[in-house]
Colleague: 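Here's a structure for you.
Per chain, numbering begins at 1; letters A, B, ... match sequence-line order.
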Amino acid sequence: MRLSRYFLPTLKETPAEAQIVSHRLMLRAGLIRQHAAGIYTWLPLGFAVMKRIEQIVREEQNRAGAQEVLMPTIQSADLWRESGRYEAYGKEMLRIKDRHERDLLYGPTNEEVITDVFRSCIRSYKDLPLNLYHIQWKFRDEVRPRFGVMRGREFLMKDAYSFDLDTAAARHSYNQMFVAYLRTFARLGLKAIPLRADTGPIGGDMSHEFIVLAETGESEVHCHRALLEKPIPEGVDYDTDLQPIVDDWTGLYAAADEMHDTAKESELGDALVTARGIEVGHIFHFGTKYSAPMGATVTGPDGEAVTVAMGSYGIGVSRLVGAIIEASHDDTGIIWPESVAPYHVGLLNLKTGDAATDAACASLYETLGPDRVLYDDREERAGAKFADMDLIGLPWQVIVGPKGVAKGVVELKNRATGAREEVSTESALARLAE
RNA sequence: CGGGGCGUAGCUCAGCCUGGUAGAGCGCUAGCUUUGGGAGCUAGAAGCCGGAGGUUCGAAUCCUCUCGCCCCGACCA
């Protein structure tokens with residue numbers, strides 16, 4: 001993409017409304033623009049990152065055996081009356097009426113809708129297990145939206161719902177998602193740790209929050225150091241028993257600030273790490289909480305009706321854009337992990353209009369490919385181009401100036417390390433092809 | 001939902017206390033000079049001062065109401 005034609009409204013100054021670093025950088029780097037409190041428009045660069053995140057989430061969900069669907073944003077209140085949540089949910093739920101005065105709502109979550117789909121389609125235990133997910137916009141009318149996209153009212157979320165014959169089978173579904181989450185966050189370039197979460201009235205040990213570590217994170221976490229170095233499971237066969245992997249990850253001490261245990265922590269000694277983090281995922285087994293009141297049953301092997309056991313598994317996709325920035329930035333801007341970067345390379349023409357420099361850039365742009373390169377061909381001064389490119393945080397920069405071109409070299413800069421080296425055009429191309 | 005703060009040009013802000021009809025920097029437009037880390041000069045365009053009501057000869061400025069946004073706290077992917 002040529003920057004001269006790209007809609008990328010960067011800001012030199014920080015808008016007054018943004019307090020935390022990811023919010024500031026998202027506005028300054030032209031990723032989003034605020035529409036109303038907690039509601040944002042995604043501009044091309046921000047949207048590109050979000051789509052890359054979404055795709056990684058999708059691939060790992062599919063790999064774990066979940067199937068993608070798309071449920072509506074606007075839901076009928078009647079379903080929520082069945083589950084009893086229409087009254088219970090409170091003011092966070094945005095309630096609306098259509099022209100016939102029918103009660104509708106903008107979905108804050110989708111348990112009712114998916115349970116309704118399930119009960120109308122599935123009759124036999126032979127159709128289990130089933131795990132359906134979608135990536136869809138949600139709306140929760142937070143009293144106080146803040147931190148930009150990290151705590152918006154409208155947000156993009158992946159939510160999966162599993163259906164099983166009994167709790168033992170549900171545990172396997174749960175474990176599949178647990179492992180998929182470990183892999184997903186690792187692929188996004190994040191260090192994420194699972195924390196045992198409060199299961200409320202249901203009890204049991206089947207609820208975990210996934211916290212991404214970032215120095216500027218809003219919550220404090222305490223955990224065993226070994227958790228941070230644990231290798232991510234590779235080549236997992238999701239049909240085998242995953243309990244050993246889950247046990248391995250949950251056997252080490254890890255707790256959120258409000259649940260931490262100072263006695264256990266003092267036993268850890270040097271192995272204790274206190275860090276800050278951002279919640280980006282939550283997995284939860286809730287048994288028959290919705291299937292029972294809504295009549296989601298299957299015929300079991302013995303011919304009896306069985307109320308299915310369910311779980312739900314969320315990932316905050318739009319929040320992850322902010323979370324990744326919180327975890328990966330410096331004073332000059334964003335540093336995108338390669339896996340989510342909107343472009344792989346930024347090509348800087350330091351002297352647009354200079355025939356030799358233009359020609360060198362055109363050739364590089366053509367060879368590297370417009371889909372992988374953001375080419376700054378604007379008639380701006382070099383300084384402005386450096387500043388913008390650092391701000392938007394593409395992993396690599398190829399800097400082409402008239403002096404270098406005369407010598408047959410360009411400069412290759414790694415955004416994360418800041419390391420720059422003069423290399424021949426050919427070797428720059430070779431390096432970036434990796 | 002309790003407490004606090006702020007709405008003046010696209011952005012950051014001054015002016016408000018002590019009423020007299022609007023300013024700066026950046027950005028934008030044009031020209032010239034510049035050209036490897038957000039250039040310089042010149043000339044421009046750009047705001048019914050969030051909205052409504054009131055006080056006053058006169059309101060960005062004082063009063064009342066209202067809308068919006070931000071921050072702290074309680075709650076959440």
Colleague: Contact class for A:R33 vs. all strands (heavy atom < 4.0 Å): base, sugar-phosphate, or nothing?
Modeller: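 Contact class for A:R33: none.
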Colleague: So if I define the base as every atom that isn't primed, P, OP1 or OP2, how would nucleotides 69-77 of chain B read as a B/S/- string at a heavy-atom cutoff under 4.0 Å?
Modeller: SSBBBBBBB
Colleague: Students often mix this up, so state it plainly: with edges at 30° and 60°, are the rings of A:F286 and A:Y290 parallel, tilted or perpendicular?
Modeller: perpendicular
Colleague: Could you identify the nucleotide paired to B:rC69, looking across every strand shown and requiring Watson-Crick or G-U wobble geometry with both distances under 3.5 Å?
Modeller: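 The answer is B:rG5, by the H-bond criterion.
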Colleague: If B:rA74 has a Watson-Crick or G-U wobble mate with both distances under 3.5 Å, name it; if not, just say none.
Modeller: none
Colleague: Reckon A:K91 touches a base, only the sugar-phosphate, or nothing at all at heavy-atom distances under 4.0 Å?
Modeller: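 Sugar-phosphate, backbone atoms only, no base.
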Colleague: Using the C1' atom as the reference point in each nucleotide, state the distance between B:rG47 and B:rA14 in Å, no decimals.
Modeller: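 Here B:rG47 and B:rA14 have their C1' atoms 15 Å from each other.
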Colleague: Base, sugar-phosphate alone, or nothing: which one does A:A382 contact when heavy atoms must sit under 4.0 Å apart?
Modeller: sugar-phosphate
Colleague: Paired with B:rC41 by Watson-Crick or G-U wobble geometry, both distances under 3.5 Å: which nucleotide is it?
Modeller: B:rG31
Colleague: Quick one, give me the B/S/- string for nucleotides 28-34 of chain B, reading 5' to 3', where B means a protein heavy atom under 4.0 Å from the base and S means that only happens at the primed atoms, P, OP1 or OP2.
Modeller: ------B
Colleague: In this structure, how many angstroms lie between the C1' atom of B:rA39 and the CZ atom of A:F386, rounded?
Modeller: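 It works out to 15 Å between those atoms.
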Colleague: Searching all strands shown, indicate the nucleotide that pairs with B:rC48 (Watson-Crick or G-U wobble; both distances under 3.5 Å).
Modeller: none
Colleague: Base, sugar-phosphate, or nothing for A:T14, non-hydrogen atoms under 4.0 angstrom?
Modeller: sugar-phosphate
Colleague: Under the 6.0 Å and 45° cation-pi test, does A:R95 pair with A:Y86?
Modeller: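 Satisfied, under 6.0 Å and within 45°.
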Colleague: Give me the ring orientation class for A:W137 and A:W42: parallel if the planes are under 30° apart, tilted from 30 to 60°, perpendicular past 60°.
Modeller: tilted
Colleague: At under 4.0 Å between heavy atoms, what does A:D388 touch on the DNA or RNA strands: base, sugar-phosphate, or nothing?
Modeller: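 Base contact - A:D388 has a heavy atom under 4.0 Å of at least one base atom.
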Colleague: Treating A:K158 as the side-chain partner and A:Y133 as the backbone partner, does any N or O pair qualify as donor plus acceptor under 3.5 Å?
Modeller: no
Colleague: Test A:E112 against every option in A:K289, A:R85, A:R81 by the salt bridge (Lys or Arg N to Asp or Glu O under 4.0 Å) rule and name the one that passes.
Modeller: A:R85
Colleague: Once you measure the plane-to-plane angle for A:H23 and A:Y40, does it fall in the parallel (<30°), tilted (30-60°) or perpendicular (>60°) bin?
Modeller: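 Rings of A:H23 and A:Y40: perpendicular, over 60°.
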Colleague: What is the distance, to the nearest angstrom, from the CD atom on A:E13 to the C1' atom on B:rA14?
Modeller: 14 Å
Colleague: In the structure shown, which nucleotide is the Watson-Crick or G-U wobble counterpart of B:rG20, with both distances under 3.5 Å?
Modeller: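 Looking at the geometry, B:rG20 pairs with B:rC57.
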Colleague: Are A:F210 and A:F178 an aromatic pair, judged by ring center distance below 6.0 Å?
Modeller: yes
Colleague: Taking the P atom of each, how far is B:rG7 from B:rU12, in whole Å?
Modeller: 12 Å
